[in-house]
Amino acid sequence: MAYRRKKGSDTWHWCSNCSNWPTSNYDEQYSKPSSGELCNECQAKEKAGTCK
Ligand SMILES: [Zn+2]
């Protein structure tokens, strides 16, 4: 699973169906981010089982 963070933002996303999923100008890493914020929407999708 990839984590993406838009440059200049502190929020990490990991669901490609998140409405804020960065598609350009982002940083990407494959390990769980140790700093910054985790996206609320991505967390909600994961809980609901709809994270893609
Ligand atoms: Zn998100």
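Counting convention: from 1, in listed order, for ligands and their atoms alike. As the structure is a prediction and not an experimental result, all values here were calculated from the model. Starting from 1, each residue takes its place in the sequence as its number.
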List-wise, which protein N, O or S atoms are found short of 2.8 Å from the Zn ion (ligand 1)?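 Counting only protein N, O or S atoms under 2.8 Å from the Zn ion (ligand 1), the list reads His13 ND1, Cys18 SG, Cys39 SG, Cys42 SG.
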Shortest non-hydrogen separation from Asn17 to Thr50 and the atoms involved: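 Closest approach of Asn17 to Thr50: ND2-O, 2.7 Å.
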What pairs meet the salt bridge (Lys or Arg N to Asp or Glu O under 4.0 Å) rule with one or both residues in residues 9-22, with sequence neighbours excluded?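 Listed once each, the pairs would be none.
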Test of understanding: with side-chain hydrogen bond (donor to acceptor under 3.5 Å, both in side chains), list the residues that count as partners of Ser24, not counting sequence neighbours.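 For Ser24, no residue satisfies side-chain hydrogen bond (donor to acceptor under 3.5 Å, both in side chains) once neighbours in sequence are set aside.
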Indicate yes or no: does Arg4 engage Asp27 in a salt bridge with an N to O separation below 4.0 Å.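 Judged by the 4.0 Å cut-off on N to carboxylate O distance, Arg4 and Asp27 do not form a salt bridge.
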Taking atom types as modelled and ignoring hydrogens, do the side chains of Trp14 and Glu46 form a donor-acceptor contact shorter than 3.5 angstrom?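 Yes - a donor-acceptor pair under 3.5 Å links their side chains.
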Please name all residues satisfying salt bridge (charged side-chain N to carboxylate O under 4.0 Å, His left out) with Lys45, sequence neighbours left out, ordered by chain then number.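 Glu41.
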